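The structure under discussion appears below in the form of structure tokens.
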Amino acid sequence: MAEPRISSIDGKLAKEFAVPSHVEEEKEKMAAFATHHVAAGRRVVLITSGGTKVPLESRTVRFLDNFSSGRRGASSAEYFIDAGYAVIFLHRHRSLYPYAHTFSTINMLDALQFRSGEAASGHSGEVVVDQKVLPNVVKMLKRYQEVKESQLILPVEFNTLSEYLHLLKAAAQALSTIGSKAMFYLAAAVSDFYIPASEMPEHKIQSSNGPLQLSLNMVPKILSPLVKDWAPQAFVISFKLETDPAILLEKARRALDTYRHQVVVANILDSRRGYVVVVTPSSQAELILTEEDVQNGVDIEERIVSNLTSAHNNFISPDGS
Ligand code: 9Z3
């Protein structure tokens, strides 16, 4: 039997990115989750969500970060679950979470009131929620609890770029057993630059040494072994973010050519909540929210997920069977 191919990225991952201690445990959980849901007739989507932290010191005081809130991933998870998928939610620690994300700008203490109880009854009081401050809280809470009880979502957390890379590899390997029933929805905003473990100072960089010059290495393109080696039968969607609309579609097409995966969802930083282009090797679909959609509370993620779940159907059974 042929030896499995070890890509050079595997070597780099092991050498230059600290391996999180719980990666094997998480891999087993993800594999068990996938097998269980596929046996129950579901498909499984691995969603990555949020930004990555790139440390400048190994006892980290300072780090590079990015803008991503995790809203795209959190909101999409809800629509995938509504569409019958089980979700592995690989997200940045404390980034937005499914069902809770609509309340992220509210100070919880403004939504709660304390009513003291009767001393004689031994009841010290109760906390009451003001539903004007938290609209839809009952609906969201019920749905969150249903989803949690049915174990339709498996949360896995990362914080640093290293954790993200190792956990994504583990996820890809864990999902390889379910073949084309696995979808990868790579919405996390992952750093392109990092300082390798071997070049990272241990202690806090001293400002007394004067101005700081950083030299950053390129992060290995993990999409390449994911598509070729780790989960070759899966349906893979990457996201392409730009700030200049003039280069967006060309960059999306180039990514499809280079990595040979199925879909790139292209978006521009400022308009990402209302406009994306779903690009495949043979098609290009603009998804746009109108003023009316926004007023009616429609999310662009509903459109994205609907487009991709149909494309996944065709991928699994091209003849419509
Ligand atoms: C995206 O483009 C996501 O849509 C956003 C969502 C991160 C813009 P939020 O989390 O934003 O809802 O605030 N994700 C991928 C961005 C990315 O870094 N892609 C890389 C690239 O474009 C690698 S595939 O080169």
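This one's a predicted model, so the numbers in the text were calculated from it and none came from an experiment. Read the numbers this way: they start at 1 and go in the same order the structure lists the ligands and their atoms.
The protein atom (non-hydrogen) at minimum distance from atom 4 (O) of ligand 1 is Asn267 OD1, 2.7 Å. From the protein, the heavy atom lying nearest to atom 10 (O) of ligand 1 is Ser68 OG, 2.7 Å. Looking at atom 8 (C) of ligand 1, its nearest protein heavy atom turns out to be Arg272 CD, 3.4 Å. Remark: minimum distance from atom 23 (C) of ligand 1 to any protein heavy atom is reached at Phe239 O, 4.1 Å. Residue, atom and distance of the protein heavy atom nearest to atom 21 (C) of ligand 1 are Lys240 NZ, 3.5 Å.
Interface atoms of ligand 1 facing Ser69, defined by a heavy-atom separation under 4.0 Å, are 9 (P), 10 (O), 12 (O), 13 (O). The atoms of ligand 1 that sit less than 4.0 Å from any heavy atom of Arg72 are 4 (O), 6 (C), 12 (O). Of all the atoms in ligand 1, the ones that sit under 4.0 Å from a non-hydrogen atom of Ala188 are 14 (N), 15 (C), 16 (C).
Rounding to the nearest 0.5 Å places CZ of Arg92 at 13.0 Å from OG1 of Thr48.
A donor and an acceptor atom, one from each side chain of Thr290 and Asp293, are located under 3.5 Å apart. Inspection of the Arg273 and Asn267 side chains reveals no N or O donor paired with an N or O acceptor under 3.5 Å. Side-chain atoms of His312 and Gln262 include no donor-acceptor pair closer than 3.5 Å. With hydrogens and angles left out, the side-chain atoms of Tyr79 and Asp299 include a donor and acceptor closer than 3.5 Å. Defined by atom type and a distance below 3.5 Å, a donor-acceptor pair is present between the side-chain atoms of Glu286 and Tyr275. Counting only N and O atoms by type, the side chains of His37 and Tyr85 include no donor and acceptor under 3.5 Å apart.
Here the shortest heavy-atom pairing between Ala170 and Lys27 reads O-CG, 3.7 Å.
Below 3.5 Å of separation, one finds no N or O of Gly50 facing any N or O of ligand 1. Geometrically, ligand 1 and Ser238 share no nitrogen or oxygen pair separated by less than 3.5 Å. For Gly70, a nitrogen or oxygen atom sits less than 3.5 Å from a nitrogen or oxygen atom of ligand 1, counting backbone and side chain alike.
Heavy-atom distances between Arg273 and ligand 1 reach below 4.0 Å in at least one pair. The closest approach between Ala187 and ligand 1 falls below 4.0 Å for a heavy atom of the residue. Not close to ligand 1: Gly73, with no non-hydrogen atom less than 4.0 angstrom away.
Here Leu241 has heavy atoms under 4.0 Å from ligand 1 in both its backbone and its side chain. Using a 4.0 Å cut-off between heavy atoms, Val190 contacts ligand 1 through its backbone alone, with no side-chain atom that close.
One finds a salt bridge joining Asp192 and Lys221 here, because a Lys/Arg side-chain nitrogen approaches an Asp/Glu carboxylate oxygen to under 4.0 Å. Using a 4.0 Å cut-off between charged side-chain N and carboxylate O, Glu146 and Arg143 make a salt bridge.
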